[in-house]
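Scroll down for the structure; my scribbles are underneath it.
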2 protein chains.
Amino acid sequence: MAAFDPHKYERPSVTVDVVIFGLIEGTLHVLLIQRGLEPFASMWALPGGFVRLDESLEQAALRELVEETGVKDVYLEQLYTFGDPQRDPRTRVITVAYFALVAADRLRLRADTDAAEVRWFPAYEPPPLAFDHQKILDYAITRLRYKLEYTALAFELLPQEFTLTELQQAYEHILNEELDKRNFRRKVLQADILDKTENYREGGHRPARLYSFRQDAVAEVKARRLFP
Amino acid sequence: MAAFDPHKYERPSVTVDVVIFGLIEGTLHVLLIQRGLEPFASMWALPGGFVRLDESLEQAALRELVEETGVKDVYLEQLYTFGDPQRDPRTRVITVAYFALVAADRLRLRADTDAAEVRWFPAYEPPPLAFDHQKILDYAITRLRYKLEYTALAFELLPQEFTLTELQQAYEHILNEELDKRNFRRKVLQADILDKTENYREGGHRPARLYSFRQDAVAEVKARRLFP
DNA sequence: ACAAAAGTGTTGAGAGTACACCCATGC
DNA sequence: GCATGGGTGTACTCTCAACACTTTTGT
């Protein structure tokens, strides 16, 4: 920051875009909105909007998240900033991308209304996306996988109480590889991040013990390597 | 990106700031420039400047890097975007921070001139910094440590040929912990990322074999976990 | 010859991986 | 009673960590 004269330079527009992930029936979904305006009218795009001058980037991302899903107490992390001069055909727009993980038991809020302009799509097979949003989505999936490999972040996608099989299936689906049941359970239980509840998931066959995530372990787990 | 009208919103200024690291006599240094203008006149700050409308963020960071050091073929990576509304007291400035690693044998270029307004400072004990640059520097150091723990990125800070002891000392200094000499050598040699040269570092006592980094391993190593 | 840094192997502990059978419930 | 998913233990391999002495040079 050498010389400074805010009026000497033309300023770009700055937006935030939020990649909102959720697990629906065991598969990873991403929340998209349908654009009304040109360019890319009627195409699907990540939710996002301009950063207001009096709010931080994180506040802007949170605002978009609340506007689209109604939930606010979720995992939210800055992803990357995309600033290619040509990414918006009209004018220079720099976007700060965030990614959010919404727990399965919270996402029947605004999103599930088939309002047609906001919908969940399978994250691995989204419709054609506006701007460079496919690139942003790819980046978010990579980051999500990477984080799951060495943290226990998958909890953020599950309901408050879940079975070990549900947890394992979330890992398997997102990492796209099969895991050994006994090894998985041992590792996750040894990590001492779960509380065994007294509840069971019924229906089907033998009821499965429900576990919950130890809240006091959140901060710790986010920094810890859990899977090799 | 719902509605879009670039003229409807006031736009923030966007800058890039670059945390440029170099190893000088075995200790990690950061390149700072002395501000001439208010606010924070005569204080030290990270090199940076406005993003021009026709350049990408990475191009802007590279431009700042070249302006201050004269080198351009170095490791450069986007760090984080800082956008607190109060981080610049005059107006809203969002900055995209990058960090760069400059090899020791290349940094006698523009920086070493005691031009008084550009100098290297010990990264762990910098002078008081303008804006939120201390926070950006802290973040960059954290990221550098983190990357060194699981990649071989320290090569980017060393001259083209180096001894294993020099490499180990770089790791020890940045990670701030002692490493076992035999274990370190075994691990680094087994990783198959070094070429043994026929040259030796003379002077002092027993000459030490020089190694160079296998260029075809750069991409691979950047993604690979090297230290536990 | 001695001071100083270079260089070199082995052992034990812990973690990761592979692998197969019994258990509780619904129908 | 049988089909379905839930739940459990052991042996092998490999990686990590701890540890001390010999070699080569300059003075």
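Each chain gets a letter, A, B and so on, in the order the sequences are listed, and its residues count up from 1.
One atom, CD of B:E177, and another, C1' of D:dC16, lie 13 Å apart when rounded to the nearest Å. Following rounding to the nearest Å, A:L189 (CG) and D:dG9 (P) show an atom-to-atom distance of 12 Å. Atom CG in A:L210 sits about 11 Å away from atom P in D:dG6, given to the nearest Å. The separation between A:L164 atom CG and D:dG5 atom P is 17 Å, rounded to whole Å. In this structure, B:L167 places its CG atom 15 Å from C1' of C:dA6, rounding to the nearest Å. Computed from coordinates, the B:Q168 CD to C:dG7 C1' distance equals 12 Å when rounded to whole Å. At whole-Å resolution of the value, CD in A:E178 and C1' in C:dC19 are 15 Å apart. As a whole-Å value, the separation of A:L179 CG from C:dG16 P is 13 Å.
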Per-nt protein contacts along nucleotides 19-27 of chain D (heavy atom under 4.0 Å; B base, S backbone sugar-phosphate only, - none) come out as BB--BBBS-

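Listed by chain and residue number, A:F155 satisfy the ring pair (Phe, Tyr, Trp, His ring centres under 6.0 Å) test with A:F162 (two or more places apart in sequence, or in another chain). Legend: residues meeting side-chain contact (heavy atoms from CB on, under 4.5 Å) with B:Q134, ordered by chain and number and at least two apart, are B:P126, B:L129, B:L137, B:D138. In this structure B:A123 satisfies the side-chain contact (heavy atoms from CB on, under 4.5 Å) test together with B:F21, B:L28, B:V30, B:I141, sequence neighbours excluded. Judged as a ring pair (Phe, Tyr, Trp, His ring centres under 6.0 Å), and not counting sequence neighbours, the contacts of B:Y124 are B:H173. Under the side chain to side chain donor-acceptor pair (under 3.5 Å) criterion, A:S42 pairs with no residue at all, not counting sequence neighbours.
Using a 30° and 60° split on the angle between ring planes, A:W44 and A:F121 fall in the perpendicular class, above 60°.
Taking 4.0 angstrom as the limit, B:R209 places none of its side-chain polar atoms (N or O) nearer than this to OP1 or OP2 of C:dG7.
Among the protein residues, A:T163 comes within range of no part of the nucleic acid, since none of its heavy atoms lies under 4.0 Å from any strand.
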